[in-house]
Amino acid sequence: MVDLDNLVKIANSGQFPDLMNSSDVDNIKELINAQSLNSSVDLGIIKTSPTKPTRYGIKVQVPTGVGQVQLYDGTILENKIFRYLVDNKSIYFEEGKPDVPVEEFLYFDDVPLFAPTIDALCELATIITDNSDTSKLRELLNLLEDVVPDNDDYALTTLVLSKSNKSIKLGLNKIADQTVSTEVFKFLGTRSNTKLYQSIQSASMLTENVLLNDSNRTEVYLEFNSTGLVKELAFALYPRYHKSVNDYVEGEDYGGVSKEQRHTNTISQVKECSWMPDKWSAEIFAWENHHPTAVYAVAILTAKLEGFQIELEYGY
Amino acid sequence: MELLDGILHFGNVLSTVDHRRLLEICRGIDFPDYKAGNDTDSMYNLHANRGEILLSPDDKELYDLTHKVMLKVMPKIYKGYSEINPPNPPLFDKYSGYWLCKYPEGGYLSYHTDADADAGSVTVSYTINDDYEGGEVVFWKKHTINKQANSVHVYPSNFLYPHEVNPVTKGERYSIIVWFAYQKGEQWLI
């Protein structure tokens, strides 16, 4: 929930020079006015390092089980995959552009990857990007689907659609208890000795501890746009458990570790990651503690040819 | 390959929240009257004592939860049978509909095969609860399969897989049965 008076106080306190400063408050005010929002809206903020424009997002309800979704501009997209949407989505706006969203985040209830769901995703990718050659995307999804024989390896949980950038990002929940296959690095990096391969491999190694920890939920993100499959791979690190859920994990409460503690453990782990910018490490724990509804959402490490990009999503 | 290898088992299919909700809905349903021998098929000499309901998409929440079960296990079914299937098998895009079954105390299903479903099909049985006694599913009069709530068993619907459900001696057993096929049945959509 957005409490503007409180945001002003927080910004003035100087407690969060990077996560909530006076520019953030101004941008949020601008968004609230442009979108005629009331204070009950859930707010998300995404900061990027190296610095890019900050994005501010709002959560809205969507119907479920109907095989279609309506975008912010009124476009109705039809696709089988939308049957499995959960009941809300997030619409993100860039700072200074509060009238037209830059991305819409759609969330799904773990849709497994297999032939018909891969077909549906490729169809959707063409509609969003106007690029009908989805062969590389299909090949990569098939590769991910088959990493561990006889097992579910990845399931679709997030789609990030950007009509303005003609781009679709696929967030795949990593179910298999293993690191991402080097076959995937080779596919994206062309072969095993390229700079991109090494960048992705480094990102995988740097996130390995988080990937394999049961308190965390990890996703890999792929991007496809009007030029084709983007040669990068992102690792998104979520807490598996929500903040302020003080019960125990069924069958796993032998250590007396509550879900809330597990949530906190995830943030501790992400905070300690060497790739996390110091400015965020210093603020993210305090962020969660300054308000009952303040949460860390996800940290995303993207391995690109030119190096790493880190995004931090948090909010109320 | 041994016949036993043709029976696949997948546990923890739904999330805890979804599974609890599905069980809650099932327990609130009024099943049609049933009595011993009401579900008979003379060709297969099948007799049973159970209530069954064909779920309609209009039963939205229950149907959607059931569909979620099947969506989650379908890729595993393909992988589970990948050694004996062609490399790119056609999709099981036909189905029998989802049949919700309730076995009351004394409920049972006699020894039979699912061979009438379709020669090219598999049977999927979702075990909803396990807080009952008796009611075991037994293949070939000797192999009892794991009775685990929120888990799925899959087996070929042919004459090589005869099975039965022992009488429930205490409590109520809920399960969902569906046959998937290549040619025969209603259209199954992801």
Side-chain angles (χ1 to χ4, degrees), chain A residues 63-68 78-87 108-124 138-139 141-142 144-157 172-173 175-177 214 217 240-242 245 247-253 259, chain B residues 1 5-6 8-22 55-95 148-150 152 154 180 182 187-190:
Chain A
T64 60
V66 291
Q68 58 178 222
E78 301 211 5
N79 189 284
K80 290 183 276 194
I81 219 80
F82 295 138
R83 265 188 81 172
Y84 306 101
L85 280 169
V86 302
D87 65 357
F108 296 82
D109 190 8
D110 271 17
V111 181
L113 283 185
F114 71 128
T117 51
I118 291 172
D119 285 346
L121 287 169
C122 289
E123 280 169 25
L124 182 63
R138 184 182 297 276
E139 216 176 316
L141 291 173
N142 280 327
L144 287 165
E145 185 264 329
D146 203 26
V147 170
V148 183
D150 303 337
N151 204 349
D152 271 349
D153 301 315
Y154 296 88
L156 178 76
T157 46
L172 305 171
N173 183 17
I175 298 170
D177 186 20
D214 185 47
R217 187 167 67 81
R240 185 177 295 279
Y241 302 105
H242 292 291
V245 181
D247 55 348
Y248 290 86
V249 184
E250 279 184 34
E252 295 178 20
D253 58 349
K259 287 182 179 177
Chain B
M1 179 181 159
D5 297 333
L8 310 178
H9 180 232
F10 309 113
N12 298 318
V13 180
L14 287 181
S15 68
T16 306
V17 172
D18 281 346
H19 173 243
R20 278 184 190 153
R21 177 64 188 143
L22 190 146
L55 301 182
S56 155
D58 295 336
D59 306 319
K60 193 161 170 29
E61 192 177 7
L62 181 55
Y63 187 92
D64 285 350
L65 285 168
T66 304
H67 188 71
K68 195 185 287 186
V69 170
M70 302 309 159
L71 179 73
K72 289 193 171 182
V73 297
M74 190 55 82
K76 298 180 182 187
I77 294 172
Y78 279 97
K79 287 187 177 181
Y81 291 127
S82 60
E83 282 184 19
I84 51 175
N85 273 341
N88 295 300
L91 287 167
F92 289 129
D93 63 349
K94 302 289 193 299
Y95 81 133
Q148 180 191 337
N150 192 25
V152 157
V154 189
F180 285 104
Y182 296 125
Q187 189 70 37
W188 185 75
L189 301 169
I190 68 154

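Nothing here was measured: the structure is a model prediction, and the numbers come from that model. Chain identifiers are assigned alphabetically (A, B, ...) following the order of the sequence lines, protein sequences preceding nucleic acid strands; residue numbering begins at 1 within each chain.
- Once rounded to the nearest 0.5 Å, the distance linking CG of B/D64 with CZ of A/R83 reads 6.0 Å.
- Taking A/D109, A/V111, A/D110 one by one and counting their heavy-atom pairs under 4.5 Å with chain B, the maximum is reached by A/D109.
- Contact annotation for B/Y63: only side-chain heavy atoms (C-beta onward) come within less than 4.5 Å of a heavy atom of chain A.
- Residue A/D87 qualifies as enclosed at atom CG: its count of foreign heavy atoms under 6.0 Å is above 12.
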> Going through the checks in order, is the side-chain contact (heavy atoms from CB on, under 4.5 Å) test met by A/Y84 and B/H67?
Replying inline: CA-CA 10 Å; A/Y84 306 101; B/H67 188 71; 2.7 Å; yes
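- In this structure, no portion of B/D93 lies under 4.5 Å from any heavy atom of chain A.
- A/P112 places a side-chain heavy atom less than 4.5 Å from the side chain of B/L71.
- When every heavy atom of B/P75 is checked against every heavy atom of A/L113, the shortest pair comes out as CB-O, 4.2 Å.
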